[in-house]
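Below, all heavy atoms of this structure are taken into account, side chains as well, without hydrogens, waters or symmetry copies. In the text below, chain A, chain B and the rest are named by the order of the sequence lines, each starting its count at 1.
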2 protein chains.
Amino acid sequence: MNIGDVADRSGLPANTIRYYEEIGLISPARDNNGYRRFAEQDLHKLAFLARARALGFTIEDCRALLALYEDDTRASADVKRIARDHLRRIEAKIADLRAMQDTLTELVDACAGDARPDCPILRDLGREG
Amino acid sequence: MNIGDVADRSGLPANTIRYYEEIGLISPARDNNGYRRFAEQDLHKLAFLARARALGFTIEDCRALLALYEDDTRASADVKRIARDHLRRIEAKIADLRAMQDTLTELVDACAGDARPDCPILRDLGREG
DNA sequence: GATAAGGCCTCCAGTAACTGGAAGGTCAAG
DNA sequence: CTTGACCTTCCAGTTACTGGAGGCCTTATC
């Protein structure tokens with residue numbers, strides 16, 4: 001398979017796949033013409049990466065998860081720790097965003113949104129203190 | 001005021017304040033020795049920016065909001081549009097994160113997290129299809 | 001007057017994870 | 001033999017800072 005094929009089949013852009021090779025997540029073979037030649041195993045890894053990224057894992061998390069995936073002697077505790085830490089970060093992020101959402105919702109609701117200059121949003125942002 | 005004073009009073013790091021000047025959000029005066037000299041008005045702008053950033057507005061949003069803030073003839077509709085668009089992005093982000101949270105919570109709960117290699121998390125990431 | 005501490009300056013590299021584009025080689029079809 | 005679709009590498013740009021090097025300025029102390 002060429003890069004276009006694995007891009008189609010993994011759902012990842014070709015440039016992203018090149019990037020993953022550059023940072024050492026995958027190591028596809030090369031044809032005589034210099035084209036990357038992807039085996040089924042490479043595609044499988046890319047699909048793994050695509051799913052892990054879709055769950056919001058960082059690239060370094062993905063690197064660790066991939067290593068564990070390929071290690072038959074891994075302890076599931078190691079995997080779970082990565083996932084739990086990531087879950088905590090997501091929960092923290094959600095809490096931050098919800099606080100913003102609450103404030104913004106109030107402000108947007110309070111703003112007339114017409115041609116007049118008076119605006120509770122700006123008043124809040126510019127308040128003293 | 002020197003930069004250290006406004007940093008303390010606005011809660012923004014000095015480097016961030018320098019950055020805001022570099023991208024044209026503020027334009028403090030300069031003393032003969034080259035030090036930035038901040039007026040109360042500069043501090044007020046920085047506090048405005050700090051609050052807008054804390055609500056998650058992008059720098060470009062902040063630039064637009066600041067311009068509206070200083071324009072007596074603004075229409076509150078323009079402010080509201082920026083805030084509403086931002087709110088929508090936040091809501092979308094929350095939805096994404098909650099989807100991740102749901103999946104991750106399931107996977108983490110299903111994983112024994114012990115010394116054995118068997119792991120539902122990796123099984124999910126590596127599934128075919 | 002020398003010195004040391006602390007604040008300020010500019011410039012630059014690095015962060016995360018790509019994305020898009022330029023310049024150019026390769027391949028299959030007509 | 002040319003056209004067009006792929007592929008290659010390399011590089012700049014994205015967001016919003018952060019940290020550090022190297023060096024000047026100020027103030028206090030000895």
Side-chain angles (χ1 to χ4, degrees), chain A residues 1-38 42-43 45-46 48-66 82 85-86 89-90 93 96-97 100, chain B residues 1-38 42-43 45-46 48-66 82 85-86 89-90 93 96-97 100:
Chain A
M1 283 176 285
N2 281 345
I3 199 166
D5 304 316
V6 281
D8 288 348
R9 293 178 58 185
S10 69
L12 292 170
N15 271 342
T16 297
I17 296 170
R18 294 193 185 97
Y19 173 68
Y20 286 173
E21 182 189 21
E22 190 185 326
I23 63 174
L25 286 179
I26 53 167
S27 299
R30 294 287 179 139
D31 273 341
N32 291 333
N33 58 14
Y35 286 21
R36 290 170 184 80
R37 191 182 56 233
F38 293 84
D42 296 313
L43 177 59
K45 270 197 198 185
L46 287 169
F48 181 100
L49 289 169
R51 277 191 286 264
R53 291 290 299 130
L55 285 177
F57 285 105
T58 65
I59 288 286
E60 290 315 308
D61 281 345
C62 289
R63 193 189 301 278
L65 289 171
L66 205 48
I82 294 171
D85 288 352
H86 177 47
R89 283 193 297 272
I90 284 180
K93 187 89 195 175
D96 286 352
L97 288 171
M100 294 178 192
Chain B
M1 282 175 286
N2 281 345
I3 200 166
D5 304 317
V6 281
D8 288 347
R9 293 178 58 185
S10 69
L12 292 170
N15 270 341
T16 297
I17 296 171
R18 293 193 185 97
Y19 173 68
Y20 286 173
E21 180 188 21
E22 189 186 327
I23 64 175
L25 286 179
I26 53 168
S27 299
R30 294 285 179 141
D31 273 340
N32 289 334
N33 59 13
Y35 286 20
R36 290 168 184 82
R37 192 182 56 234
F38 294 84
D42 295 313
L43 176 59
K45 270 197 197 184
L46 287 171
F48 181 101
L49 289 168
R51 277 190 285 265
R53 292 289 299 130
L55 285 178
F57 285 105
T58 66
I59 288 287
E60 289 316 308
D61 282 345
C62 290
R63 193 188 301 279
L65 289 170
L66 205 47
I82 294 172
D85 288 353
H86 177 46
R89 284 194 298 272
I90 284 181
K93 187 88 193 175
D96 285 354
L97 288 172
M100 293 177 192

Mind checking whether [X] and [Y] have side chains closer than 4.5 Å, heavy atoms only?
X: B:Arg53; Y: B:Ile59; answer: yes
X: A:Asp61; Y: A:Arg89; answer: yes
X: B:Leu43; Y: B:Met1; answer: yes

Strictly under 4.0 angstrom, non-hydrogen atoms only: write out the protein contact profile of nucleotides 19-26 of chain D, one letter per nucleotide from the 5' end, B, S or -. B-----BS

CG of A:Leu46 to OH of A:Tyr20: how many Å apart, nearest 0.5 Å? 8.5 Å

Given A:Thr58 and A:Arg63, is the side-chain contact (heavy atoms from CB on, under 4.5 Å) satisfied, shown in steps? CA-CA 9 Å; A:Thr58 65; A:Arg63 193 189 301 278; over 6 Å; no

Does D:dT8 have its OP1 or OP2 closer than 4.0 Å to a side-chain nitrogen or oxygen of A:Arg36?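 The answer is yes; a side-chain N or O of A:Arg36 sits under 4.0 Å from OP1 or OP2.
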
Roughly, in whole Å, what's the span from [atom1] in [X] to [atom2] in [N]?
X: A:Arg37; N: C:dT26; atom1: CZ; atom2: P; answer: 17 Å
X: A:Asn2; N: C:dC27; atom1: CG; atom2: P; answer: 10 Å
X: A:Asp5; N: C:dC27; atom1: CG; atom2: P; answer: 15 Å
X: A:Leu46; N: C:dC18; atom1: CG; atom2: P; answer: 12 Å

Could you pull out every donor-acceptor pair under 3.5 Å between side chains of residues 3-13 of chain A and any protein atom, sequence neighbours left out?
unit_1: A:Asp5; atom_1: OD2; unit_2: A:Asn2; atom_2: N; d: 3.0
unit_1: A:Ser10; atom_1: OG; unit_2: A:Val6; atom_2: O; d: 2.7
unit_1: A:Ser10; atom_1: OG; unit_2: A:Leu12; atom_2: N; d: 3.1

Those residues that, when tested against B:Asn15, pass side-chain contact (heavy atoms from CB on, under 4.5 Å) (two or more places apart):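 Per chain and number, B:Asn15 pairs via side-chain contact (heavy atoms from CB on, under 4.5 Å) with B:Arg18.
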
In a table with atom names and distances, give each donor-acceptor pair under 3.5 Å that connects a side chain of residues 26-33 of chain B to protein atoms at least two apart or in another chain.
unit_1: B:Arg30; atom_1: NH1; unit_2: B:Gly34; atom_2: O; d: 2.9
unit_1: B:Arg30; atom_1: NH2; unit_2: B:Glu21; atom_2: OE1; d: 3.2
unit_1: B:Arg30; atom_1: NH2; unit_2: B:Glu21; atom_2: OE2; d: 3.4
unit_1: B:Asp31; atom_1: OD1; unit_2: B:Arg37; atom_2: NH1; d: 2.5
unit_1: B:Asn33; atom_1: OD1; unit_2: B:Tyr35; atom_2: N; d: 2.9

Quick one, which residues of residues 49-64 of chain B touch DNA chain C with a heavy atom under 4.0 Å?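 Heavy-atom contacts with DNA chain C come from no residue of residues 49-64 of chain B; none.
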
A:Arg36 side chain vs A:Ile17 backbone, donor-acceptor pair below 3.5 Å: no

Look at the side chain of B:His86 and the backbone N and O of B:Leu55, then say whether any donor-acceptor pair between them is shorter than 3.5 Å. yes

Given the rule in the side-chain contact (heavy atoms from CB on, under 4.5 Å) test, do A:Lys45 and A:Leu25 qualify, once you have shown the distances and angles that lead to the verdict? CA-CA 9 Å; A:Lys45 270 197 198 185; A:Leu25 286 179; over 6 Å; no

Heavy-atom contacts under 4.0 Å between residues 16-32 of chain B and DNA chain D, which residues?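 Under 4.0 Å from DNA chain D: B:Thr16, B:Tyr19, B:Tyr20.
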
Find which nucleotide of DNA chain D each of A:Phe38 and B:Pro13 is nearest to by heavy atoms, and output the residue with the more 5' nucleotide. A:Phe38

